[in-house]
There are 2 protein chains.
Amino acid sequence: MPARKQTKAPPVMAEADIAIVRIAPETSFKNKAYEALKEAILKMDIYATPEQVMLDERALSERLGVSRTPIREAIAMLEQDGFVRTVPRRGIVVVRRTKTEIVDMIRAWAALESMAARLITTTARKKDITALRDFFKDFGKDRLPQDHVEEYSKANIAFHQALISLSESPVLVDLTNDLLLHVRGYRQLTIGRKDRTATSLPEHLAIIEALEARDTELAEKRARDHTLGLAAYVEAHGQELFS
Amino acid sequence: MPARKQTKAPPVMAEADIAIVRIAPETSFKNKAYEALKEAILKMDIYATPEQVMLDERALSERLGVSRTPIREAIAMLEQDGFVRTVPRRGIVVVRRTKTEIVDMIRAWAALESMAARLITTTARKKDITALRDFFKDFGKDRLPQDHVEEYSKANIAFHQALISLSESPVLVDLTNDLLLHVRGYRQLTIGRKDRTATSLPEHLAIIEALEARDTELAEKRARDHTLGLAAYVEAHGQELFS
DNA sequence: CGAAGATTTTTGGCATACCAAATACCAGGA
DNA sequence: TCCTGGTATTTGGTATGCCAAAAATCTTCG
């Protein structure tokens, strides 16, 4: 019942060591706007619309019920992320990536993921590695991935994110997530479509096996080659998918 | 003398094809502030000062001669970069990385650079690869790197950046530059100090050789191991260097 | 003196107003 | 009807002002 104070000096009375978590800072409008806009951008299929998508500060501020100030700050952040580009006196355009850029990003992703695999072989616990198989427990000979592309795609992404998390490297996790957001924006390639889905599952299992075997070099190579395979796929078959 | 118009339709009269370059967009205060603050943060030795460095919006706006608005937008951008963290009603603190974080970043850097090396073996021109040696032309048996650590460190960084640029992958270049900015902030490790400097040069040359030989796997491995070596060094000897 | 409490100051968050460049729109003239 | 100017409007950029939470400072009472 005693209201907790922040006096740090006199231990006259031992304070109840209750788990008080430093009350939620009530995220600012700036951050709320950032999250909202980011989600909105990721949700829309920017590659589907013919003409480029533009944002309007005033319209957004009205829609979100806040002034332009926090909106502008959020826009500035999104611009740092590379999601939008603001042109003075022109407007704010949602950035569309070219096929080349997407391929480039997937390559970087491959680099980071292979490093994650490398680290995992030396630090992760066996049970955590084995747990990676669970993402694909719903698929097998009697339920082929290529027959449930959408669902498999979700499992696919979850697997990759879980894999990288196992590296316990915040940097790898963050960088990869950022890249993935951009790549996913291009949803027509649902991370390797039907024709790639078939080979995907065995490759994933092979990666897991290498991890379990603590074979650093092999795990790294398999992780890298797997994702580079996606890059090559996009590079080869992505023509018609991009404007 | 005729003022150029932007009409694109009727070629009634051939327009003077004067080299008019779309007047410089006069970068905004927001961007100027961003650049200025970023440089200031990178220039100061944040790991040298005992207590954490704080920024003050009003003070900055006064110093830079602009209002708080563009300053705040710049701060928002820097926060996205991970250089500062703003605490509501508290202040803006310049982020200090822990040793673990620095090591983590160097590992990610190793991953990206090894991918760059990989790409280079398949696309770069021989003369561009060979040109990488020039960065170290001032060093040799008669002028050891460890006797000119500061100078060698500069050459070192320039080499790595040039190397990654050769990959012609904007993503790799950008991500690496970002990481490097954070790592360099910790200048007491001048990218591998004296004791590492000795082994650094031969390793660089070995990387170049592998690139010239177009040995993809070897180049990748050497690039990776070289930078991972730095990570290991920091992890082992960085104790006293961090608070 | 010392400490609890009240008050002032500081600091980031947000709203608003105004500016200038770009653009859209419109009326007049060939 | 179709340009040509010119004017109104739109849009991002910037400056200010005020607010509330925190911190710092001062005050007062035991």
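In what follows, chains are A, B, ... by sequence order, proteins preceding strands, each numbered from 1.
- Atom pair A:Asn31:CG and C:dC14:P shows a separation of 8 Å (rounding to whole Å applied).
- Between A:Ile75 atom CD1 and D:dG12 atom P there is a gap of 8 Å when expressed in whole angstrom units.
- For B:Glu113, the side-chain hydrogen bond (donor to acceptor under 3.5 Å, both in side chains) partners are B:Trp109, B:His160, not counting sequence neighbours.
- Distance NZ (B:Lys30) to C1' (D:dT14): 12 Å, rounded to an integer number of Å.
- The ring pair (Phe, Tyr, Trp, His ring centres under 6.0 Å) contacts involving residues 48-69 of chain A comprise nothing, where partners must be two or more places apart or lie in separate chains.
- If you check residues 53-63 of chain B against DNA chain C, the residues with a heavy atom closer than 4.0 Å are B:Leu55, B:Asp56, B:Glu57, B:Arg58, listed by number.
- Remark: C1' of D:dG12 and CD of B:Glu73 are 10 Å apart, rounded to the nearest angstrom.
- Considering only residues two or more places apart in sequence or on other chains, B:Val173 meets the side-chain contact (heavy atoms from CB on, under 4.5 Å) condition with B:Ile164, B:Ser165, B:Asn177.
- Between B:Leu228 and A:Met115 there is a side-chain heavy-atom pair separated by less than 4.5 Å.
- If you measure from atom CZ of A:Phe29 to atom C1' of D:dA21, you get 15 Å, rounded to the nearest angstrom.
- Residues satisfying the side-chain hydrogen bond (donor to acceptor under 3.5 Å, both in side chains) test with A:Gln161, not counting sequence neighbours, are none.
- The side chain of B:Arg68 has D:dG17 as its nearest neighbour among D:dG17, D:dT14, C:dA15.
- Between A:Ser67 and the phosphate of C:dA15, there is a side-chain N or O to OP1/OP2 separation shorter than 4.0 Å.
- Not counting sequence neighbours, B:Thr227 has no partner by the side-chain hydrogen bond (donor to acceptor under 3.5 Å, both in side chains) test.
- Computed from coordinates, the B:Ile92 CD1 to D:dA22 P distance equals 17 Å when rounded to whole Å.
- Along DNA chain D, the nucleotide nearest to A:Thr69 and the one nearest to B:Arg89 differ in position, and the one closer to the 5' end is contacted by A:Thr69.
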